[in-house]
Protein chains: 2
Amino acid sequence: MAQSTKDRILDVAEQLFSGHGFGATSMRAITNAAGVNLAAVNYHFGSKDGLVRAIFERRLSPMNEERLRRLRILEQEHGAVIPVAELIKAFVGPALELSRDESAGGARFVRLLGRSYTEPSETVQAAVRSMSGQVIDRFKPAFSAALPELEGEELCWRLHFLVGTLAYCMSGSNMMRLIASGRITEPTEQERLLIRLTEFLAAGIQAPSSEEPVRTPFVVAAGHVRPSS
Amino acid sequence: MAQSTKDRILDVAEQLFSGHGFGATSMRAITNAAGVNLAAVNYHFGSKDGLVRAIFERRLSPMNEERLRRLRILEQEHGAVIPVAELIKAFVGPALELSRDESAGGARFVRLLGRSYTEPSETVQAAVRSMSGQVIDRFKPAFSAALPELEGEELCWRLHFLVGTLAYCMSGSNMMRLIASGRITEPTEQERLLIRLTEFLAAGIQAPSSEEPVRTPFVVAAGHVRPSS
DNA sequence: GTCTATAGGGGGATAGAC
DNA sequence: GTCTATCCCCCTATAGAC
């Protein structure tokens, strides 16, 4: 059950990055806390950026695989048109489940991941983006089929809002404490988060849209007004 | 029209913090870009943390005043029960309007503010929290009155989701590009964001809740079961 | 109010011994 | 694979001249 130097570095770095952010966590802090030598990070990961990428690789890739697996199951059950709430659960569920995995560090990683969506660091952006493209490519058409009344751009915005709400929940923001003002959220209530979040998101993404109905656009040209082809 | 050293530092710091984050922006970078001396930050703001607080003070306080002003107007128009969509617009509007103020740096600040909700830095958390408490204290009862069917804890979560979606939108996340995959969002469409966001949030916050209906709680005591008073 | 100079502490990365 | 030692950089904060 001996844990390798590499794994110890990953675990400790995940914890410190999660608690203080990437920029504010030094390699010295990581190697000290892990009880390994400073040079070990460069040996195993090449650089601090390499370590950051490895951390996302280790947890985000399996999480996204799980999302795709659940989508495939839904496609087998429902065919092309999947109920919206089921799509949301397939997308949101793996993240929230990982966040309950306190002992194995999953919770720490999820906090890190939530923040990474708004992180300015290019390294972090690139890592998350490269591992999330496939998920978007698969889920977006599925949502589109489930929400045929939503015009294309509106759908993009709705998905944007959905990802944003999830990212915020993942980040474990302290603002919840401000809103709840002392009210302690029980662990058992934390388990209701998937239900609460799905109810909110499903209603939001299916909201009636005031988007003007698709009109034939008019083009003004050379003195006369005519419908564009 | 001469801009004081203090204002130049604030403007440049806002821009650099917005682009690279707090931890990754040094005082040297700020003072160089502002064309002022390194020691000027410490003279005018005491420390880097003091500068951070001053930046939030300058923009967040007026923005929150505006939110409260709009809430007061709504209370005069509607009394205690204000339509949910109006409450959302009063809360979200000032932030989105500030984000369109490109020339005066408002847009940069809003990106910064959006990220600050998930920022691990204690200084940032404390600054935002101290300037947002009053807004929460005033809006929460208004939402509660507008949504009497929502049980207390459910309301906290719904507000949490609302703040999260807004924070994500403010942060100007790059993920929108991934979702839209090359589709360019026109400035005119950007102006529709308040409408889109309000539709999404209003539907989400009013979603039917599967929360067990309020039952008379039963108290087990001294051998008999009876409804609690 | 604004500057220079410097104190005093980390930062990431790497060469080379073991 | 792991260590020590070190290079050379940047960091914030402050003392004291102007």
Rounded to the nearest 0.5 angstrom, the CG-CZ distance for B:Leu87 and B:Arg70 is 13.0 Å

Aromatic rings A:Phe109 and A:Phe56: how do their planes relate, parallel, tilted or perpendicular, breaks at 30° and 60°?
perpendicular

Under the side-chain contact (heavy atoms from CB on, under 4.5 Å) criterion, do A:Phe45 and A:Val52 qualify, and how do the steps go?
CA-CA 9 Å; A:Phe45 303 100; A:Val52 169; over 6 Å; no

Does the plane of the ring in A:Trp157 sit parallel, tilted or perpendicular to the ring in A:His160? Use 30° and 60° as the thresholds.
perpendicular

With sequence neighbours left out, write down each residue that passes salt bridge (charged side-chain N to carboxylate O under 4.0 Å, His left out) with A:Arg69, or none if nothing qualifies.
A:Glu66

Which residues, if any, of residues 118-125 of chain A bring a heavy atom under 4.0 Å of DNA chain C?
none

Which residues pass the side chain to side chain contact (heavy atoms under 4.5 Å, CB included) test with A:Ser47, not counting sequence neighbours?
A:Asp49

With no hydrogens and no angle check, just 3.5 Å: does a side-chain donor-acceptor pair link A:Thr118 and B:Ser173?
no

Please list all pairs passing the salt bridge (charged side-chain N to carboxylate O under 4.0 Å, His left out) test where one or both residues lie in residues 9-38 of chain A, with sequence neighbours left out.
A:Asp11-A:Arg58, A:Glu14-A:Arg58, A:Glu14-A:Arg59

What are the 5'-most and 3'-most nucleotides of DNA chain C lying under 4.0 Å from any heavy atom of chain B?
C:dG1 to C:dT4

Within residues 5-42 of chain A, the residues having a heavy atom closer than 4.0 Å to DNA chain D are A:Thr5, A:Asn37, A:Ala39

Would the A:Phe91 and A:Phe139 ring centres measure less than 6.0 Å apart?
yes

B:Phe17 and B:Phe22 aromatic ring geometry - parallel, tilted or perpendicular at 30°/60° bounds:
tilted

